Structures are given as structure tokens and as C-alpha cells.
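In what follows, a structure is listed as C-alpha cells, so that the remarks can point back to it.
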Amino acid sequence: MEGLHHDTIVDGEEDDSPAKEQNVPVEEERVGDVRSEDFSEKQINRSLTPEERVNLYEQMARIRRFEERSLRSYQQGHIGGFLHLYIGQEAVAVGAVSVMGEDDHVITAYRDHGHALAVGMDMDECMAELYGKKTGCSKGKGGSMHFFAPDKNFWGGHGIVGGQTPLGLGIAYALKFNKKAGSCLCFMGDGATNQGPFYESLNLASLWNLPVVYIIENNGYSMGTAEARHSAGEPLARRGDMFDIDWSVSHGHDVYEVRHTINDALERAHNESRPSVLEIVTYRYRGHSVADPDQTYRSKEEIEEYKKSKDPINLYKEKLIAEGYLTEESALEIDRLAKEEADASAEFAQASPLPDPTELMDDIYWETDNPANKTSQGTMFFETP
Amino acid sequence: MATITYREALNQALSEEIERDDKVVLMGEEVAQFKGSYKVSEGMLEKFGSDRIIDTPISEAAFSGLAVGAAMMGMRPVVEFMFWSFCYVAFDQIFNNAANVRYMSGGLINVPIVFRGPANGGTNVGATHSHTPENFAANTPGIKVICPATPADAKGMLKSAIRDNDPVCVMENTILYNLQGEVPEENDFIIPLGKANVVREGSDLSIIAHGKSVHTALEVAQTLDETNKVSAEVVDLRSIRPLDTETILSSVRKTNRVLLVEENKPFCGVDAQIAFLIQDQAFDYLDAPIKRVSAIDAPQAYSKSLENAQIPNHDRVLRKAMELI
Ligand SMILES: Cc1ncc(C[n+]2csc(CCOP(=O)(O)OP(=O)(O)O)c2C)c(N)n1
Ligand SMILES: [Mg+2]
């Protein structure tokens, strides 16, 4: 993590930097005083084919368009409950998933649509799940916060803040037990770093040499509570240090940088079976969830400033155009297709059947779903439709 | 048949299943080098090595969650709680993650895991160490709960639990660990979950109990027979979820009087559900109101004299039985 290693950050003299405007999270303040580096020169990025480069762009555009479409559907009343949008953070999930190998796995929290699409879940099953339809990835039983695709090494989608951190550890443990040189990328928010089980997990990860990579997607806020008001001792990733875990802080708006950062941690996991804590600084444009009026804890200027200077999709587009991998026209075309795909997913969801109340009783126990292989006797359910 | 203790029965069940399936591991505090806080896993580290018998730090949330994650990936972990009371710091991992992942994934992910350990009062360890959370656990769809009361049940049901593809909470009892009993020796001896056991036949009264209360019920039935010429039937539930409603109801239909006994605290305890079930499905067979003895409704007391009065004891159960006949 050249230029971003913890020593640099801890020692980085904030006073040297020019005066900063209030309320604007000048990113250097959050990541440390670093020269911005060109990560396209890193090996992991140099080896990208032109198609792969463009694909990264497509994936980010697809996530953004999916999220925008789901927001519209929510406002139209088709989607209920909570809807936590990933807009602004796209480069993190896309960059991370793009460097995963066959035995690498992903688990995350409730802001999970970006990760789900990045691992290859299709928009239809995701949108249908948001609509609570039978054709949803969880048959309408999980909702926005609980997407799963074990066939794509994606283990959810977890609604309890920090609750997935021990699960990620267990996925890494199972890989190691089965002698696979894989790892588990366990995503979490900045707010989640204040949950106790996270520290229990860090201790075990280091003690047992487990190949888990904790990725703190630090978007600056835990709901309406800014990092400075929820966490003592910055940077957050430094908390890995007390367990002798390698840690770093890096930017989340540059998909190349994300790839480089994650790849380092994956190599550590694969080759040394060691955990990492990676804090990736990013930003969410929308409220915590769609229900969040987003007016009490941050300024419009702050959001606009980020969109203007750090938007991961725009920055990457400019880079690809400058490098000659993309043209304005082809970028527009990608975007148009992404929008079309998102609109089609909403149509698919709309046209899909609702689950029947009798389906309430499916998928609770393996055993009741497999009556031919039932081993137990007696009553399992005490009130049924 | 061999006569062994409840503790040895658990040890045999764990050992046989670890031998049988290379996805089974035992993990928890002090299970390996220390041989188990109650010596349940004695000899197992030597036999199976530290990959299968795993000492954990005091991090119930992390190692329970780790085991759930590993189960999602196809392993079959057995997690030992030194006391079930300590599951309260791992509640989220058991009752959100283990219980709900299958449902929330629309059936894509299974969680074949066992959480086990003692859940009982009566050992003068005070309120924090004497919880009996079988009612909490059974209140959660997605979780199975069993409370074996004899060495044979401990072995046969723990083996079933480990082979089960769903999360099973096995609630044992420190006072029963030394109890001796006959246990079949064959390797494939298993007892299905959800099957109650009529441990004493009778005609005047059904005493329905689980866990250690079964033994109290048997003593009271003996007293009733010897001193009052009352024939009490004793039903050991063995499994809380699934629940053997058929055996409960057929006993009630036979005796027409019911006394429910449990160590659970009364409010929304297991027997509240059973009482509901009986009045709902066998109301016409009842010749008297259903009676119930549970733990006295106070935090578990330390002092022996207090705790002995608190737990359903012979005198309280006998007195209640006499009210019924
Ligand atoms: C245990 C728990 N407490 C509180 C909540 C409510 N809640 C949901 S998300 C959230 C904020 C978490 O913020 P962060 O970890 O930074 O993730 P982000 O939303 O920024 O992605 C809160 C308080 C919850 N879901 N679980
Ligand atoms: Mg946050």
C-alpha cells in the first residue's frame, strides 16, 4: 500500500496541508496526506485487457442505474421497507470482486445491491426481490438487505450491523479447513467497526491465521452520525494493529486503486493465510436509506463537492477515454444499455407473481422442505396459514 | 447395553460422529487441552487432534458466528457453550444468523450446526449461570431444541442433532452429567428428534416434563403410587421443537388430568405452549384444569436453601399433583 501505509497516515502532518473548508471532507484529510498515485501502472491493472477495463466501467454503470431505478420504484410504492443505496461507492465492490479468484468469497452488510450485481447476480432477480416477488433471489423472503447467491460465492446480505463479521471469519475458516487457498472478503461500514463481535473476530482471525479480509467501506457516516462523532482513534483500520493484522487506508473512488489494495490483501490471504483490515474511503450520495431525509447531518455542498471531484464512475470514464479504451459515445452506449437493463428488471419485477401465503412455511428447515428425507418426528410449526 | 454416565454418552456421541464425518468439529472454551469444563470431551484432543477439537478464546459471539459461517459452507460444527447462559452474548449469531439464513436466502443455504452445553439451575451458581433458554430458542422458527434427560437420550439425540441439516440447540444439565444409565453400544444407535418417551405408564394423571424435571416427576410418581395408590404416567418430552404433540395428547386422553413440570421460568415457558396445546386439542378429555410447576419466578438465587425452593422439587410437584386428584 505504497504511500498509504499506516506509518504515513499516522505520522502525516495534517498541519502542513492547506486550510480546509468546513464541512467539505477533503479526502486527503480522511485518507492521509498522500500524493495521488497512478494505480494504472500497478501490475494487477497493467495486465487488464481492454475488454476487462471496459467491463469494470460497465459494472459500475449497471450498479448505479440499478440503484437509481430501484429508488424510482420505491418512490412509486413498489418497494417497501428499507432501501440502502450504494450510489457513490460502486468502485469498491466492483474493484474488489474483479480481483477475486475461484475460491474467494464475499459477505457484506445490508447495503448489498452493489456487491450482488458485481458478483454476477442478475438485475431481474434482485429487482424482483425488492418488489417482494416470488421470482426474487430469495423468493421475496429476504428483501433489500438479504440478497444471497452461494453459487457465486456470495453469502449475503446481512441486516444486523457487524453481525456478518464472525460469519466472514467462518467462511475463511472453512476454506482453510478444506485446504483451499481462498479467502473471504468481508465488507462492513465505518459504523460497524464499533460492534464488539468485530473485535472478537479480529482476534480470532489473527490468532488462527485465517484468510479473511475485512473491508471497511468508510463512507463517513453511520446513518446520521459522522465518523468523528462515532469513533475514537483514527484511522479505523488501525484497530487491526492491536491484533497484529496488516492494515491500510486507501481511496475508494479509483477502481484501479481498489483493485491494487484488495489484490495485496488477497495475496496475503492466499499465500500466508493472514487476515487484513482495509479501510477504503468512499462516500454515499443518497441518504442512509431512502427513508432518510438526509438534511440534519451533512450539507448539500459536501455531497456536491464529492460528486464533482470524486465520482468513481466519471473519474474512471475520463481515465479510460484518456487511455483510449473508451470514447464518449461508447460510454453513453454502455450507460444507455445499463438503464435499459434496469428498466427491464423493473418490468420483470412488476410482471412477476407475488408469493403465495402458503410459501411462508417453505425454506425454514431443510427437513420440512425435504419430507422424503425427514428424520425427526413431531410438530415443527405451531401456527400455519 | 453398557452402563455409562450421561457425560460418557455425550463423549461417545461426539467421538462417533467426528469419526463418521470429516466435516464435524467440536469447538468451544476449554474443550481441548482442559478436556472440557465438565470433562465431556475427555480424551478427544488426543484422539482427533487440534484440527477437530478446538479451543477458543472467550468470544462466544465470534466463535458461534464463525461456526455458522463454516456451516453455511458445508461443515458441521458442534459449538460447546460452557453454560447455555453464555449464549446471551452470542444471541445475534444463533437467533439471527443460524436461524434465519436459510429462510432469508429462499432455501439456498443450509446451516447444519449444533450448539450444546448445560442449561440448568440447581448448582448454586447464581442468576447469571443458571438460565434455561429452551423456551427462547424454541420460540425461533429455524431452530430445533432438545433437552435429553438420560444417558441413552443424550447419546442418541446428540448423534441425531449432529446429522441434522438444520441448527439444533442441545440443552444438557450439569447435574445429570454423572447420571448412570444403560446405553446401546451399536455405532448407529440414534434417537430421532421430536419423539417423546412415556417413561412410566399410569392411568390417573399425566405428568409431562423435560430435562431434569423428568427425574423429579418419576420420584413423585413413585411416591404417589406408594402412599396414595395413584397411578401417574410420566412423559419425557425429550425434544421441545419439534414437539411430539401426539404422545402428549394421547397420554392426556388416557388419564384426563395433567401436571406440567419444568425448570423453565413460568412466563412464556415451554409448558405455557403445552398447556395451550392440550386445552386446544384435548379440552373435552380434561377432568380438571391443567396444573403446572415451574421454577419460582425470581432470578435464580445463589443460596442452596433458596435455590432448592426455587426449582421444581419433589414436595412442590407432589403438592400440585395432589391438588389434581
Ligand atoms: C445491531 C444494529 N444496530 C443498529 C442497526 C440500525 N442501523 C442500520 S445501518 C446503521 C448504520 C451503519 O453504518 P455503517 O456501518 O457505517 O454502514 P453504512 O450504512 O454507512 O453502509 C444503523 C445504526 C442495525 N441494523 N443493527
Ligand atoms: Mg458508513
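Everything numeric here is computed off the predicted structure, so don't read it as measured data. Letters go in sequence order (proteins before strands), and every chain restarts at 1.
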Going from CG on B:Asp92 to NE2 on A:His158, what distance comes out if it is rounded to the nearest 0.5 angstrom? 10.5 Å

dist B:Met73:CE -> A:Leu167:CG (nearest 0.5 Å) comes out at 12.0 Å

Check each atom of B:Met75 against the heavy atoms of chain A and say whether the ones under 4.5 Å are side chain, backbone, both or neither. side chain

So which part of A:Ile160 gets closer than 4.5 Å to some heavy atom of chain B, the side chain, the backbone, both or neither? side chain

Non-hydrogen atoms of chain B under 4.5 Å away: do they reach the side chain of A:Asn178, the backbone, both or neither? side chain

Name the region of B:Asn100, side chain, backbone, both or neither, that has any atom closer than 4.5 Å to a heavy atom of chain A. neither

Would you say that B:Arg102 contacts A:Phe148 through its side chain, given a criterion of any heavy-atom pair below 4.5 Å between the two side chains? no

Of all of B:Leu108, B:Val111, B:Ile54, B:Asp166, which one pairs up most often with chain A through heavy atoms under 4.5 Å apart? B:Asp166

State, yes or no, whether a side-chain contact exists between B:Glu246 and A:Gln377 at a heavy-atom distance under 4.5 Å. no

Apply side chain to side chain contact (heavy atoms under 4.5 Å, CB included) to A:Leu210 and B:Leu66, showing your working. CA-CA 11 Å; A:Leu210 296 179; B:Leu66 179 151; 4.0 Å; yes

Given a strict heavy-atom distance threshold of 4.5 Å, which part of A:Phe198 is in contact with chain B: side chain, backbone, both, or neither? neither

Among B:Pro167, B:Pro192, B:Ser59, residue most engaged with chain A (heavy-atom pairs, under 4.5 Å): B:Ser59

Could you check whether atom CZ of A:Phe82 has more than 12 heavy atoms from other residues, nucleotides or ligands sitting under 6.0 Å from it? no

For A:Pro150 and B:Ile109, which heavy atoms make the closest approach, and how far apart are they? CG-CG1, 3.6 Å

Answer yes or no: is there a donor N or O on one side and an acceptor on the other, between the side chain of B:Asn97 and the main chain of A:Gly163, under 3.5 Å? yes

Count the heavy-atom pairs under 4.5 Å between each of B:Asn110, B:Val68, B:Asp51 and chain A, then report the option with the highest count. B:Asn110

Quick one: does A:Asp369's side chain have a donor or acceptor within less than 3.5 Å of a partner on B:Gly107's backbone? no

Please walk me through it: do B:Met104 and A:Lys141 pass side chain to side chain contact (heavy atoms under 4.5 Å, CB included)? CA-CA 5 Å; B:Met104 294 192 306; A:Lys141 289 173 176 174; over 6 Å; no

Closest non-hydrogen contact found for A:Ser376 with B:Pro242 is OG-CG, 3.7 Å

Exercise: identify the closest heavy-atom pair between A:Ala174 and B:Ala70: CB-CA, 4.0 Å

Specify the closest pair of heavy atoms between A:Asn203 and B:Pro57, including all atoms of both residues, with the distance to one decimal. ND2-CG, 3.8 Å

Using non-hydrogen atoms and a 4.5 Å limit, figure out which bit of B:Arg52 sits close to chain A: side chain, backbone, both or neither. side chain

Are side-chain heavy atoms of A:Trp155 and B:Val101 found at a separation under 4.5 Å? no

For B:Asn96, is it the side chain, the backbone, both, or neither that has a heavy atom closer than 4.5 Å to a heavy atom of chain A? side chain

Is it the case that atom CD1 in B:Ile58 sees more than 12 heavy atoms from other parts of the structure closer than 6.0 Å? no

Nearest 0.5 Å please: distance from the OG1 atom of A:Thr375 over to the CD1 atom of B:Ile191. 13.0 Å

Let me see the working for A:Tyr365 and B:Arg241 under side chain to side chain contact (heavy atoms under 4.5 Å, CB included), right down to the final yes or no. CA-CA 12 Å; A:Tyr365 296 98; B:Arg241 187 173 186 150; 3.0 Å; yes

Does atom OH (B:Tyr285) have a neighbourhood of more than 12 heavy atoms from anything else shown, all under 6.0 Å? no

Quick check: closest heavy atoms across A:Glu200 and B:Glu60, and the distance to 0.1 Å? OE1-N, 3.7 Å

Find out whether A:Met380 and B:Leu193 are in side-chain contact, i.e. whether some heavy atom of one side chain is under 4.5 Å from a heavy atom of the other. no

With a 4.5 angstrom heavy-atom cut-off, which part of B:Gln273 approaches chain A: side chain, backbone, both or neither? side chain

Is A:Leu204 close to chain B through its backbone or its side chain, or both, or neither, when contacts mean heavy atoms under 4.5 Å? side chain

Toward chain B, the part of A:Phe177 with a non-hydrogen atom under 4.5 Å: side chain

B:Ile190 versus chain A, the contacting section by heavy-atom distance below 4.5 Å: neither

With side chain to side chain contact (heavy atoms under 4.5 Å, CB included) as the test, would you mind laying out the steps for A:Trp208 and B:Thr56 before giving the verdict? CA-CA 10 Å; A:Trp208 291 358; B:Thr56 66; 3.8 Å; yes

Please indicate whether A:Lys180 has more than 12 foreign heavy atoms, meaning atoms of other residues, nucleotides or ligands, lying under 6.0 Å from its NZ. no

Answer with side chain, backbone, both or neither: which region of B:Val25 has an atom nearer than 4.5 Å to a non-hydrogen atom of chain A? side chain

Would the number of heavy atoms belonging to other residues, nucleotides or ligands and lying under 6.0 Å from CD of A:Glu383 be above 12? no

Strictly by modelled atom types, are B:Ser105 and A:Ser138 linked by a side-chain donor-acceptor pair under 3.5 Å? no

Considering only heavy atoms, which portion of B:Met157 lies under 4.5 Å from any heavy atom of chain A: side chain, backbone, both, or neither? neither

Determine whether A:Glu367 and B:Asn165 make a side-chain contact, defined as any pair of heavy atoms from C-beta on separated by less than 4.5 Å. no

Minimum heavy-atom distance A:Leu360-B:Tyr103, with the two atoms named: O-OH, 2.7 Å

For B:Ser160, which atoms come within 4.5 Å of any heavy atom of chain A: side chain, backbone, both, or neither? neither

